[in-house]
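Quick notes on the structure that follows.
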Amino acid sequence: MNAWLPLLVLASSLVPGLIIFALKEEHTRARIALNLGGAVIKLVLVGVMVWGVFQGQTYEARLPLLPGLELALQADALALLFVVLSSVLWLVTTIYAIGYLEDSPYRSRFFGFFSLCVTSTVGVALSGNLITFLLFYELLTLSTYPLIVHRATEVARRAAKTYLVYTLAGGALLLVGVVWLYTLAGTLSFTPRGFLSGLETQHSTALSVIFVLLIAGFGVKAAILPLHGWLPKAMVAPAPVSALLHAVAVVKAGAFGIVRVVHDVYGVEFADSLNLLMPLAILAAATILYGSVRALYQDDLKRRLAYSTVSQVSYIALGTAIAGPVAAIGGIVHLVHQGLMKITLFFCAGNLAETLGIHKISEMDGVGRRMPWTMAAFTLGAFGMIGVPPLAGFISKWYLGLGALEAGQGWVIWVLVGSSLLNAAYFLPILYAAWFKAPATHWPHERSFGRQETAWMLLLPPVLTALLSLAVGLLANTTFSPLQWAVFIASLEFMP
Amino acid sequence: MSTPLLYALAGVGLCLLGLYGLIVYAHLLRKILALNIMGSGVFLILVALARRSGDSPDPVPHAMVITGIVVAVSATALALVLLVRFSAATGRNQLDDDEHSP
Amino acid sequence: MIEASGTPLPWIVWVILLPLIGAMLCFLWPRQGKTLGLLTALATLLAVIALYFQLLDGGVIRYAVGGWGAPLGIALYADGLSMLMLLMSALVGVGVSLYALGYFKHSPDNPAGFWPLWLLMWTGLNGLFVAGDIFNLYVTLELLGLSAVALVALAASRDALGGAMRYLFVSLLGSLCYLIGVALLYHAYGTVDIALLGTLVERNPATHVALGLMVVAMLLKSALFPLHFWLPPAHASAPAPVSALLSALVVKASFYLLLRLWFDVFSTVSMDLGMVLGVLGAAAIVWGSVLALRQTRLKLLVAYSTVAQLGYLFLPFALLSPLAWQGGVYFVLSHALAKAAMFMAAGNILAFGGHDRIADLDRVAQRLPITMTAFCLAGVSLMGLPPSGGFIAKWLLLDAALSHDQWGWAVMMMIGGLLAAAYVFKVVGFAFTQADAPHDAQPVSPFMEWSALALAVCAILLGLNAHYPLELLAIGGPVTFVSPSP
C-alpha cells in the first residue's frame, strides 16, 4: 500500500485526463464529473498520505530504469507541502475552469492537457531523485504547450513558441547538469543536507559549473532574470491556465527545483562552502526588484500580474539562497503563500475579462461597485502581495527579513522594503481606481448573470483562495499551517 | 607481371571507368551501363583473386561471381523498367539536378 | 551455443523463410495480398518471438543451413544485437502492415505490388540480421536494396520515380564497393565467416582497403552526411508505409552491418577511423536538422529529420565506450519506432487534407487527434525528452561523453535535441492554427491512425524499463558492449 499511494495520487489526475481526451465535445456532464471526481479523489488521497506521514509512515514507489538508476516517487515533508498546494489549487482551478470555458470550443482537449499538467506537477513534487524530477519537469513543459496555444491564434502560436524556446533550452542545460552530476556522484537520490559533500576536493570546479547548469535549468521556469521573457508573453492563454501556470504548476516547479537542488542535492552548507549561494541570492534580489519595476509600467492587467509573479517567485529562491534556517522557512512557506495570493489575483482578472470585457487597468475605474466580491478578493490578494499584516505575504516577508538579519545579510532588508514599496506602487492605484473612482458609463463587453455579479463558478474560487490566504496568515501558529510545516522542513535541513 | 595480377588490374580499371561514367554522364541509360561495367570489373577482380596458391583455382569466388551476376541481371532489369517508366512519366532521360525540388 | 542441422527447421531459418514464402504467395495471388500479407506478418512476428525465447534459454545461436557451413553453404548466427534488430523489424513490420491495410484502400498507388515487395524486403532484413558470413550479407543487402527501390517506385509520381532511380544507383554503387571488400578479404584470409575473419584479420594494405571500401559503402547506404543526398527525395516521395519502412528499418540494416564489421571483423584495425565517423555524425545532426527546419513540406521535413537522427548513430564510433554503444543501439531501436510512427502520421495528414504543406495544416490537432498524438509522441522520442526511448539513448550517450570529459559531443547532442524540438514543434504549432484556405477533408482509415499511435506509444514505452533491452544486447555481444572500456 505504501508503494501504491504515490502512484494512485498520480493516477487520480492522469486517468481522468486520458479519458477526457477520448470524450466527445458535447459530453459536458461526464467531463465535469471526471474532472471534479479526480480532483476530489486526489485531495482525499493526499490527505491520507499527509496523515500517514504524520504517523511516521513512509511512502515510496520505485521503478528500475537503467542499470543503477531508477525512477523513484517518495513523499517527504517538502514534497507533501507542494503536493497539498497543487491538489487544493487544482480542485479550485478546475471549478473555475469549468465556469470559465463554459461555451468555448475544444474543451476535451483543454481539460485533458490540464489534467496532464497537474499530473506532472504532482510528479515533480513527489520525485525522489533528479532523473524522476527531470522526467516530470519535461512532461510539464510539454503538457502546458497545448494550453498556451489553446486559442489557436497566431499570437498564441508565437507565445507558445517563445515558451518552448526558453523551457526546452533550460531543459537541455538541466539534462547536461544531471548527467554530469551522475557521472561524478553515481547517485541522484534526494537526501537531506545533500549527497555531494564527500566529493568536494577534486571536483569543486565541476560541481560549481553543474550548480549553474541546474539553477539555469530550473531558473527558466522560475522566471529568474534574465530567463523570464516567456512568462509575460504566455499571458495569451485562457485565465485558468494563467492562474495554474503562474501560481501552481510551471513557475513553482522551477522554484521547487531550486529548493531541491540547494537542500537535497548540494546541501545548504556545502553549497555555501562552494560560494554558490551568494550569487544566487543577488540574482534573486535583482529579479525581485526588476519584476516589480516592470510591473509598474504595464497597463494590461494580466501582464502586470505576470511581472509581479516574476518578482514574487524569486522570494523563494532568495529565501533558499540566504544560508540560514529562518530565511529558508520564509522561502519555503512563500511557495504556498504566493500560490494562494497569485491564483486569487488571476482568477479575479479572469472574472473581469469574462464578465465585463476588462483587460486593461485603465478600464477598471469603479469596477468595485459592479463586482464587489471579485474586487474584495482581489484586494485581499493585493494586500497580501504588498505584505500587509496579518496576510500570508507578510509572514513570508517577515521570516525572510528575520532570516537575512540572522545570517548577517542586512542588504536583503532593503530589497524587501524596496520591493514592498514597489508592490504597493503597482497594486494600490488599481485598488484606488476600482473602489473610489466613478464607474465608466458602459463596460467594454458586459455579460449579464442576473442578480449575481458573475457566474458562481467564477466567483467561488477567488473568494475561497482569498480566504485561504487570509487564513494561512491568521492561523500561522496552528499545527497544520504551512508555516509550521515549513519550520519542520527547515529543521530537517538545518538541525544536525 | 603475372596473369592474375593483370586481370585484377584490368578489373580495377573497369571499376574506375564505370565509376567515372556513373558520375559524369547524366543520361540514365549511360549510368545503368556504367554500373554494369563496374560490376564486370568487380567480378573480374573476384575471379583474378581466386588464384591464390598453386595451380588449382579456388571455386568459392566463382560461386560468388555467379551469384553476383544473378543479382546484377535483376538489378539491371529493375533499373531498365524504372527508366522506361521515368521517361514515360516525365519525358526526360535524366534526373533533375536540384535534388531539393519538392 | 546450439549446433543443429537437419529437421525440423529451427526458428532462425523460419524468420527468413516465412516472409519469403509469404512474398511468393502474395505474388501468385495478388487479390488475396492483404490477407496473406497480414498472416505472414503475424507468423513472422511469432517466429521472431520464438527465436527470442530460444536465445534467452540457450544463448548465442549458430546454424548451418542444410549442414553446409561457410563459405559454400549458408551460416546463420544470432546474438542479442541481431535479436533486438529482428524484434524491432517485426514490431515495425506488423505496425506498417496494419497501416497498409487502410492506406492502399484509398491511395492511387499500386497496392498489388506492395505486399510481395514488402515481404521480400523483410526477408532481406531478417536474413541480414542473422547472416553469419560477409558474402551472405552482400546477398541480403542486395535483396533489401532492390526491393526497397521497387517499393519507392510504387508511388508512380515523377518525384517518386526520380527518387527511386537515384536510390537504385546509390544502392548498387554501395553494394559493389562492399563486394570488392569481400573479394579482398577472401583473398587475404581465405574465409568469409565473420567469426573466423575476426581472429585472422591483421594490419595490412589489403585489410585497410577492404575496410575503407566497406565503410564507405555502408555510409552511403545509411546516408551519413555528406552522402545523404539521395535519402530525402526517395523517402519523402514514396508511399507513406514505404517511407516508414525505409526510414525505420532499411537504413538501420546497413548501420547494423557496419557495426558487425566494425566489431567482429575489423576490431583490431578500425579504431583510427572512428573519430572521422563521429565528426561526420555530428555534422549530420546539425546539417540535417537545419535543413529539416527549412522545409515547407511535412514529408520532406520528416525525411531530413532522418538524416539528422542517423548522425547520432555514428557518435559511438568516436566515444568508444560500452555506454556509448548501448546508447547507439538504443537509438536505432527508438528511432525506428518513432520515425515509422511519424511517417505514418505524416501519411495520414497527407491523405486527410490532400497536401502536406506545413503552414496550411489547418487544425489537424483537433480534426485528427489520434494522428497528431502519434506525431507528438514520436516527436518526443526524436527530441530525446523523457520518458522515451530517445531519452534513454541520449542519456547513455551523454553519460559516455561526460564521464570521459568529451564536451564537444555533449554540446552537439544538446544542439541536435533543441533543433529537433524546433522542427517538431514547427509542425505541432501549425497543427493548432487555422489555415487561410480551408481544404476538403478525406476520411482516414482507423487502421492508419491507430497503427501510427501504437508504434509511437511503443517508442515511449521503450523509455521505461530500459534494462531489459540492454540485458538482451549483452547476450553474445562484442566485448566492448558489456565490459568497461580501458
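Just so we're clear, the structure is a prediction, and the values are computed from it rather than from any experiment. Per chain, numbering begins at 1; letters A, B, ... match sequence-line order.
For C/Leu143, no part lies under 4.5 angstrom from a heavy atom of chain B.
Heavy-atom pairs under 4.5 Å with chain C peak, among B/Ile45, B/Val12, B/Leu35, at B/Leu35.
At a threshold of 4.5 Å between non-hydrogen side-chain atoms, the residues B/Leu46 and C/Tyr186 do not count as touching. Looking at heavy atoms from C-beta onward, C/Phe135 lies in side-chain contact with B/Thr67 at the 4.5 angstrom threshold.
The two residues B/Leu49 and C/Ala183 have their closest heavy-atom pair at CD1-O, 3.8 Å.
Applying the ring-ring contact (aromatic ring centres under 6.0 Å, His included) test to C/Tyr423 and every residue at least two apart in sequence or in another chain returns nothing.
To the nearest 0.5 Å, atom CG of residue C/Leu168 and atom CD1 of residue B/Ile32 are 7.5 Å apart. A distance of 11.0 Å separates OH of C/Tyr138 from CE of B/Met64, quoted to the nearest 0.5 Å. For the atom pair C/Arg166 CZ and B/Leu95 CG, the distance stands at 5.0 Å (nearest 0.5 Å).
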Donor-acceptor pairs are to be reported for all side-chain atoms of residues 18-31 of chain B against protein atoms at under 3.5 Å, with residues two or more places apart or in another chain.
unit_1, atom_1, unit_2, atom_2, d
B/His27, ND1, B/Leu29, N, 3.0
B/Lys31, NZ, B/Leu22, O, 2.8
B/Lys31, NZ, B/Tyr25, O, 3.2

Side-chain donor-acceptor pairs of residues 69-88 of chain B under 3.5 Å, sequence neighbours excluded:
unit_1, atom_1, unit_2, atom_2, d
B/Ser74, OG, B/Val70, O, 2.8
B/Ser74, OG, B/Val71, O, 3.0
B/Thr76, OG1, B/Asn36, OD1, 3.2
B/Thr76, OG1, B/Asn36, ND2, 3.3
B/Thr76, OG1, B/Ala72, O, 2.7
B/Ser87, OG, B/Leu83, O, 3.1
B/Ser87, OG, B/Val84, O, 3.2

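Residues of residues 170-179 of chain C lying under 4.5 angstrom from chain B, judged on non-hydrogen atoms, are C/Leu172, C/Leu173, C/Leu176, C/Leu179 in numerical order.
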